[in-house]
There are 2 protein chains.
Amino acid sequence: MATGRTHRPATRSRGIPEATVARLPLYLRALTALSERSVPTVSSEELASAAGVNSAKLRKDFSYLGSYGTRGVGYDVEYLVYQISRELGLTQDWPVVIVGIGNLGAALANYGGFASRGFRVAALIDADPAMTGRPVAGLPVRHTDELESIIRDNGVSIGVIATPAGAAQQVCDRLVTAGVTSILNFAPTVLAVPDGVDVRKVDLSIELQILAFHEQRKAGEEPGQGPAAVTAAAGAPQAPGRPAPGSRKGPEGDVPAVMPA
Amino acid sequence: MATGRTHRPATRSRGIPEATVARLPLYLRALTALSERSVPTVSSEELASAAGVNSAKLRKDFSYLGSYGTRGVGYDVEYLVYQISRELGLTQDWPVVIVGIGNLGAALANYGGFASRGFRVAALIDADPAMTGRPVAGLPVRHTDELESIIRDNGVSIGVIATPAGAAQQVCDRLVTAGVTSILNFAPTVLAVPDGVDVRKVDLSIELQILAFHEQRKAGEEPGQGPAAVTAAAGAPQAPGRPAPGSRKGPEGDVPAVMPA
DNA sequence: AAATGTGAAGCTATTCACAGCT
DNA sequence: AGCTGTGAATAGCTTCACATTT
């Protein structure tokens with residue numbers, strides 16, 4: 001999750017299930033840590049535990065890549081690092097632009113994990129002329145006017161959108177027109193893109209809401225921490241033209257009998 | 001997705017599938033926009049399109065909540081906003097702490113979408129004494145020493161971790177011990193938590209790697225933008241004790257015959 | 001006429017459990 | 001003896017298509 005895909009249905013690309021692809025980076029991170037500690041081989045059990053999945057899933061995942069393990073022994077760490085990197089396309093250099101250099105954009109630009117694995121921040125772009133030229137994370141911010149030329153000159157195919165929601169679709173359109181075919185969207189909007197363009201979104205608010213849902217369930221069972229104050233924002237609106245209560249099939253306490261204050 | 005769940009298998013909570021829960025915030029956002037434009041009712045087709053899903057899925061999702069629509073008409077916008085908000089637990093007030101006030105933590109603290117929907121930033125916490133007391137997003141940063149008392153005094157059950165990877169597990173342990181049962185993790189680490197604690201993670205690096213995977217596929221088909229330069233970081237390591245090539249079952253070009261420069 | 005709600009079908013993903021290799 | 005790789009079984013999710021309701 002935080003994750004969620006938008007375009008491109010969960011279909012297999014060359015036989016590797018989407019769910020597996022989404023876990024490969026996790027395995028890669030765990031393997032890289034092992035590699036740094038000079039661990040030569042690892043079993044599916046150990047690696048799975050380091051990646052936070054179960055070992056059957058891991059073995060199944062790896063089986064889509066090929067038979068890269070040794071029965072009775074395990075997997076060669078360095079070898080697997082290379083195979084997964086190659087499969088993910090990380091042996092190539094991916095120039096990336098970040099559009100929208102506010103708090104979040106700046107945080108992303110400064111994020112170290114960017115540079116490490118094949119990704120390179122080619123440019124930071126912002127619409128505010130006051131930002132233009134200001135250095136952020138060692139790069140001068142460039143104005144939106146230059147967006148198209150930056151994309152073309154650097155052969156950028158991945159764009160990161162960290163603008164306010166209102167600007168996101170417009171920025172997206174320009175990125176796509178200029179040749180970007182993969183977009184990572186941090187703005188809380190659904191982006192419309194043509195076929196062949198991938199969008200993934202990262203949305204803080206959605207993640208929190210999902211946590212709140214589960215948190216609410218727990219509150220009923222355990223006598224632990226509840227929410228601090230139950231200050232409902234507004235009472236239930238009366239749906240117009242609705243017949244007598246009882247026709248609604250909601251699983252429990254539909255509309256509170258008394259509006260919360 | 002950017003998003004991924006960690007603990008808690010994809011099991012249903014009170015009959016609502018996890019996949020549906022993950023989409024409710026999306027519907028809610030679209031509905032809120034309609035509400036602000038004073039649109040009274042909406043069809044599954046219209047709402048689905050605004051939320052970026054198909055209408056059959058939306059109707060199925062809503063069917064788990066109950067029968068909240070009117071055949072021949074559609075859904076009452078205000079009524080649905082209320083029902084989904086209630087289902088997600090957003091009619092309650094959820095105090096949240098953010099731990100790790102670096103670039104990202106500050107960006108999160110400043111993010112408006114936080115306050116809007118039932119979430120309230122109760123405190124910003126950082127381990128650096130130099131940060132203590134400094135105002136960020138209108139709140140004074142507090143020192144990690146106070147973590148436990150802040151959690152308890154405010155009845156916080158949701159924690160956001162935006163620390164460096166190395167500190168994340170330790171912060172997580174302290175949060176959980178103090179009573180936090182839901183964690184949103186921005187650090188690139190797999191967190192170990194006891195049963196009953198939910199973790200969701202947001203990981204820029206993973207999202208980019210998933211995009212790179214699909215991008216790599218496209219490069220083969222269309223003659224569009226390829227990656228700028230193919231500078232492989234390292235050649236394929238030689239797995240020790242491996243027999244002659246041909247035994248490996250990797251689907252294609254296993255190990256490059258010549259190491260890339 | 002229009003649009004919901006939902007069984008049934010189809011598809012994807014996970015888990016089991018064990019044959020097969022080292 | 002140990003551990004991988006994988007068919008088979010199970011669970012979960014999406015899509016279809018249409019009866020049902022307004």
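Residue numbers begin at 1 in each chain, while the letters A, B, ... track the order of the sequences.
For A:Lys57 and C:dA13, the shortest distance from a side-chain N or O to OP1 or OP2 is not below 4.0 Å. Phosphate proximity of D:dT4 to A:Ser44: present, with a side-chain N or O under 4.0 Å from OP1 or OP2. An OP1 or OP2 oxygen of C:dT12 is reached within less than 4.0 angstrom by no side-chain nitrogen or oxygen of A:Tyr64. For D:dT14, neither phosphate oxygen OP1 nor OP2 lies less than 4.0 angstrom from any side-chain nitrogen or oxygen of B:Asn54. Put simply, A:Arg59 has no side-chain N or O that comes within less than 4.0 Å of OP1 or OP2 on D:dG7. Remark: B:Arg71 is not in phosphate contact with D:dC18, judged by side-chain N or O atoms under 4.0 Å from OP1 or OP2.
Every residue was checked against the side chain to side chain donor-acceptor pair (under 3.5 Å) condition with A:Asn185, not counting sequence neighbours, and none meets it.
The distance from atom CD of B:Glu45 to atom P of D:dT15 is 13 Å, rounded to the nearest whole Å. Following rounding to the nearest Å, B:Tyr68 (OH) and C:dG5 (P) show an atom-to-atom distance of 11 Å. C:dC11 atom C1' lies 15 Å from atom CD of A:Glu18, rounded to whole Å. The CG atom of B:Leu24 sits 13 Å away from the P atom of D:dC13 (whole-angstrom rounding). The nearest whole Å value for the distance from the CG atom in B:Leu47 to the P atom in C:dA3 is 14 Å. D:dG5 atom C1' lies 14 Å from atom CG of A:Leu80, rounded to whole Å. In this structure, the CZ atom of A:Arg23 is 15 Å from the P atom of C:dT12, given to the nearest Å. Rounded to whole angstrom, the span from the NZ atom of B:Lys60 across to the C1' atom of C:dA3 amounts to 16 Å.
Side chains of B:Ile183 and B:Leu191 form a contact here, defined as non-hydrogen atoms less than 4.5 Å apart. In this structure, A:Tyr75 and A:Thr70 have side chains that are not in contact, with every pair of non-hydrogen atoms separated by 4.5 Å or more. B:Tyr68 has its side chain within reach of B:Tyr79: a pair of non-hydrogen atoms, C-beta onward, lies under 4.5 Å apart.
Across the interface with DNA chain C, nearest-nucleotide mapping of B:Gly72 and B:Asp61 shows B:Gly72 to be the residue nearer the 5′ end. Between A:Ala56 and A:Val73, the one whose closest nucleotide on DNA chain D sits nearer the 5' end is A:Val73.
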In residues 30-39 of chain A, what donor-acceptor pairs under 3.5 Å come from side-chain atoms, sequence neighbours left out?
| residue | atom | partner | partner atom | Å |
| --- | --- | --- | --- | --- |
| A:Thr32 | OG1 | A:Leu28 | O | 2.7 |
| A:Thr32 | OG1 | A:Arg117 | NH2 | 2.9 |
| A:Ser35 | OG | A:Glu78 | OE2 | 2.6 |

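Looking at the side chain of A:Tyr75, the nearest of the listed nucleotides D:dT14, D:dT22, D:dT4 is D:dT4. Nearest to the side-chain atoms of A:Ser43 among the listed nucleotides D:dT4, C:dT4, D:dT14 stands D:dT4.
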